[in-house]
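First up is the structure itself, then whatever we jot down about it.
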Amino acid sequence: MTTVALRRDNLLALTRDYGVYAALVVLVIINLIITPNFLAADNLRTQAVQVVPVLIVALGMALVIGTEGIDLSVGSVMAVSAAILPLYLGYGAFPAILLCLLAGAVAGLLSGTLVAVVGVQPIVATLALLVGGRGLALVISDGQLKDIFNPTILALGDGSVAGIPYTVLVAVVLVALVALLVGKTTFGRQLVAIGGNRRAAEFAALPVKRVLLVVYVLSGLLAAIAGILGTARLTASDPSKLGELIELSAITAVVVGGTPLSGGRVRVIGTVGGALLMQLITATLIKNDVPVSVSQMVQAAIIVAAVLLQRRAAR
Amino acid sequence: MTMTESFVDTSAATGARPSRGATLAALAQRHGALVVLVILLVAGGIAFDTFLTFYNLGNLAVQASFLAVVTLGMTLVIVSGGIDLSVGSVYALAGVLAAYASQWGLVPALLLPLAVSAVIGLAQGVLIGRFGMAPFIVTLGGLLFARGLLQFITDEGASTYLMPGDSPVRWLGSGKVLGIGVPVLIVVLLFLVGGFVLQRTRYGMRLFALGGNEDSSALMGIPVVRTKVLTYVLSGLGAGLAGILAAAQLGSGVTVVGVGLELNAIAAVVIGGTVLTGGRGGVTGTLAGVALLYVIQDLINQSGSVNANMQQVVSGGVLIVVVVVQTVLSRVRRGQSR
Amino acid sequence: MTEPVLEALGVEKRFAGVRALAGVDLTVRPGEVHALVGENGAGKSTLIKVLTGVYQPDAGELRYQGAPVRFAGPPDAQAAGIATVYQEVALVGSMSVASNLFLGREPRRFGMIDFPAMRKSAAKLLAELGIDVDPARELRTLGLGVQQMIAVARALHSDARVVIMDEPTSSLEPREVDTLLALVRTLAERDVAVVYVSHRMDELYRVCDVVTVLRDGAVVHTGPLAELDRVRLIATMLGRDIAEVRREGSTAFSGEHETEDEPVLAAHELRRSTVLDGVDLEVRPGEVVGLGGLLGSGRSETVQALAGLQRLDSGAVEVNGQPVRPGSAAAAIRAGIVLVPEDRKVEGLVPNLSVRENIVLAALPRLSRLGVVSRAKQDAVVRTFMERLQIKASSPDQRVSELSGGNQQKVMLARWLAMSPKVLLLDEPTRGIDVGVKAQVQQLVDELADQGLGIVMVSSDLEELVEGADRVVVLRDGKSISQLRGDEVSVDAVLAEIAADAAEEVGS
């Protein structure tokens, strides 16, 4: 009886930690059987390109969730970044990109200050930014969709090296950087400790406020990057639609990837797995003529199931 | 005072009475929205001739009534220490269902959407209450699910259901009694009942207890699961009813409405002085919060030139200011009581 | 003899195969105060949770008022008439005293809560029990002691036949304890049965009639408390010979250390609003200074202020004559002051991280280059301290939450020793850890002092304080009021100082 109980606990923990990879493998096998040309380079490239914005946003979200926080403002930050980009392309692609990144950092600094210094709950602080940010993006752009003609940005959107799109390369580099940050640096370990027990971190004289601030700034920066890449791929700046509900997809990817909402743990590669899994599920359903609406309901079921599983595994 | 009369020397054991600062802080928290609302009404009346008119305010009240109905349930949820992000989707879904069912008459047009809303609330309540999941994740799932269901029944948004012009349902949204819009009267009625329930019934006390300290509440024998389930059902019903009223006013169920409604609802509740951590708040403040959001919007419109999108920026800004003030105030109060 | 009101017959409970209760019998009669004692892990809390419906027994049965019962949960047990007063006040701080008393059974008229009636009965109930509090007051504005009284009043009001009290005095001051114990007697006089759990021997002897001793999940003794003197009770709890208990003393401290140098730590006139009101403290290298005083006298606040974890309104802290910037934990650590906090779980450990990560947590910046952590340096530190402190873990990668309390405390010590401190502040270093490891920790404190560390130790265990410290500084109301050194240091002397204060306070 005891061994059964133990085995069940282990199984839950294993499912939480590696379930996402197992599900990916199963899904790939299913696709190999039912989806024609699944392995074709074109299809793989499409899937990869589509997942990039969610993945990049999810990286920042994973860091924030690791501190027992949440960042609901990411979609709006993407929109602000998208709204700013066309305004400054006249000065060249790089100054405009820098300004977008700066905007993302400032947004992160704002929510970070509210959370770390003022002590507002993360969900509220970033909710305010979610409401205000989208409005700001619309004010900046006057609610207009603007086509992008800058060759550098357009190249960023559809160019590739050795068949690998630039956007995917950017995502890969960011994944590697965030993985290193979490696993190998003082900052990363402090981040995890703060999420695991904030008071203990304070007692151990960790720079709690600074770490929290930086985490939200990073999340803002990553959202801005996702905004730029998303705009580049669309070849148009669309502040009213870009990044809508992306906070949900990002949170789902993070949670499905095994990072607990209760903080104290960040699984970067798991997050990649989570983002890929959700992308693949949607793509598979749509390819097989299941309506978007149903795939949305499936996504809802998956996020609830993943969190339920986490709770069970945590006992 | 002699020892036989009192075991406890309360003067030493309990510290002084709450100081004036703490009392002021509590007052500001409870009635801040109302004060700001009055100031804005007066200022708006002075600045714009067309603002403080029966016509304008009546219109404004009808527009605000849909959000108000949603915020009533949201207030209960937030007082209990939870949050409901699904209300926007449920609102839209219920509107479409009401329009669809209105072909069979008034009762189906009310019952079908309310039943579906209640079931969604029930499912969320069970996941939150029985399985102890975080409300924000569960209702996020609810948001996606209800939106998906809505798209599904409207052929991915391609079909629009109209309410027959002579349908009695229409009266709920656009009728008037003594010159006052029916939705406004419904709001007044619901808030009276809601305030009564929250302040004068055992269920209301349980909500405050749950939001104040869930572990203690459970140990004191409060039926935690049942209370939570009921609360999310009520929130679902509120969102559903709001959706019905809005569809009745428009004359059709529109699939794209209600996106981001949950944010406005939360903002109104918080601005109204209900604390997001739960255990403290009331429906009167919420009503003031709703009114404040719409008055700000109207004043922006009245001033003409400014971009209509400023409304969202202002809402976000007001929300930031309010939560910062709330956080600081609650710190003042805690500081006083230690 | 009256009929029992609550009985446990052969109750068994297992968790993941580990037997927590092995056929426990317990008989509680109306009007008696029944002490339930045992070491940590003896099964007391499990038994209480079975009695209050939190757990269902795997075997055996509960009988309530003569009939077998099965409680599905705490509300079930409460409805039957078994109320519980918990160690932590289990009320809602944001609600009024009256609401807390009546939550779940508010008086109603026409379906509405009758608030005037509620306040009236609340006032009556409080007056009956001699608790002088305005029922309309928000609970959290009251002191913890009064809050606990309200919890008892609530239990009493629910017409409970049995009241179970699980260490109800652990966060109360002595004066509040007196009041609470008087309340317990009141309950007994009303023919309520009280099951009283406490680690404090003097409380048990003041208030209890009958005692049941648990060890390793089984009852090893039950009978009138008066028949068992303290030493015998302790011996029964520990399962040892009386002679052995007498000979060993209860702590593993050696006693004196040589100390003649200049102080390594000097604190002058530490003040902070209501909590600290002029604390002076000096610690020499190789010396253990005990901080004595009642709960709330400012002991924990003093060590937290020294460690930079509390801001100061005024006062100075010096290490080796150099001033330390107050209010900054980082500055304190740089100067060589570290604190092993009182509450390991809340203030110390990061539960889901490994033993390794918990040990190196504070030292991370020192074990890194350009912000990148060196695994080799980390491993070296972890290995050293796991060996030196004999930390029992399956590997450095084991989650710290899976260790025993004693080993967790050693992890905390390792974390701070890894910072090569000059001054070690210990807040209740042996609270909640089992006897064997307790002795190890005490020995370690001795060794560290011998190696030249300055040590400040806060302990509520007077024996530990007296045997461990070379000098005891007694605090009252946030102020250091006297100092005992050398031969003056004894349990009686410390008690006398504290008692003198108390007498003075009553006079003032």
Side-chain angles (χ1 to χ4, degrees), chain B residues 1-19 22-23 26 79 81 195-227 275 277-281 330 333-338, chain C residues 52 54 73-79 83-84 86 88-95 99-100 102-106 108 111-115 126-127 129-134 137-147 149 151 154 158 172-173 175-176 178-180 182-183 273-275 505-506:
Chain B
M1 183 190 305
T2 62
M3 283 307 282
T4 47
E5 272 178 337
S6 171
F7 289 123
V8 191
D9 178 4
T10 43
S11 60
T14 65
R17 296 217 144 236
S19 76
T23 316
V79 165
F196 172 79
V197 165
L198 192 58
Q199 304 295 343
R200 295 277 150 179
T201 65
R202 285 195 182 168
Y203 167 69
M205 292 300 115
R206 285 175 187 161
L207 287 183
F208 282 109
L210 265 186
N213 188 338
E214 183 169 335
D215 293 339
S216 293
S217 304
L219 290 173
M220 287 162 92
I222 298 282
V224 175
V225 177
R226 214 190 319 148
T227 308
V275 185
T277 44
R280 208 181 269 284
S330 76
R333 299 172 60 146
R334 263 206 306 274
Q336 300 284 355
S337 63
R338 281 258 158 96
Chain C
T52 53
V54 177
D76 232 18
Q78 269 171 42
T84 315
Y86 299 89
E88 308 290 336
V89 177
L91 299 173
V92 182
S94 55
M95 299 178 87
S99 294
N100 271 292
F102 287 87
L103 193 63
R105 45 169 183 272
E106 295 90 349
R108 289 185 291 187
M112 292 189 269
I113 295 176
D114 187 349
F115 281 106
L126 293 173
L129 299 175
I131 305 168
D132 181 24
V133 174
D134 177 2
R137 209 148 145 199
E138 197 181 6
L139 185 84
R140 73 166 129 214
T141 63
L142 300 168
L144 271 183
V146 183
Q147 293 191 23
M149 254 30 110
R154 178 181 160 87
S158 64
L172 302 196
E173 293 180 32
R175 204 172 30 181
E176 297 173 333
D178 291 345
T179 318
L180 192 85
L183 262 186
S273 62
T274 55
V275 287
E505 202 169 306
V506 167

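Letters A, B, ... are given to chains in the order of the sequence lines, protein chains preceding strands, and every chain is numbered from 1. We use all heavy atoms of the structure for the numbers below, so side chains are in, but hydrogens, waters and symmetry mates are not.
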On a heavy-atom basis, which atom in [X] and which in [Y] lie closest, and how many Å separate them?
X	Y	answer
C/R105	B/R202	C-NH2, 3.6 Å
C/V92	B/N213	CG1-N, 3.9 Å
B/M205	C/M95	O-CE, 3.6 Å
C/S94	B/R280	CB-NH2, 4.2 Å

Interface moiety of [X] toward chain B, non-hydrogen atoms closer than 4.5 Å:
X	value
C/Y86	side chain
C/D76	neither
C/Q78	side chain

| said: Which one wins on heavy-atom pair count under 4.5 Å against chain C: B/A209, B/G279, B/G212? | reply: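 Among the listed options, the one with the most contacts to chain C is B/A209.
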| query | If we only count heavy atoms from C-beta on, is the C/T84 to B/L219 side-chain gap below 4.5 Å? | reply |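 No, every pair of side-chain atoms sits at 4.5 Å or beyond.
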| request: Can you measure from CZ (B/F196) to CD1 (C/I113) and round to the nearest 0.5 angstrom? | output: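 The CD1 atom of C/I113 is 9.0 Å from CZ of B/F196, to the nearest 0.5 Å.
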| task | Measure the spacing between CG of C/N100 and OG of B/S216 and express it to the nearest 0.5 Å. | result |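 Taking CG in C/N100 and OG in B/S216, the distance rounds to 8.5 Å.
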| task | Tell me, for B/E214 versus chain C, whether the close heavy atoms (under 4.5 Å) come from the side chain, the backbone, both or neither. | result |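 Contact with chain C is absent: no heavy atom of B/E214 under 4.5 Å.
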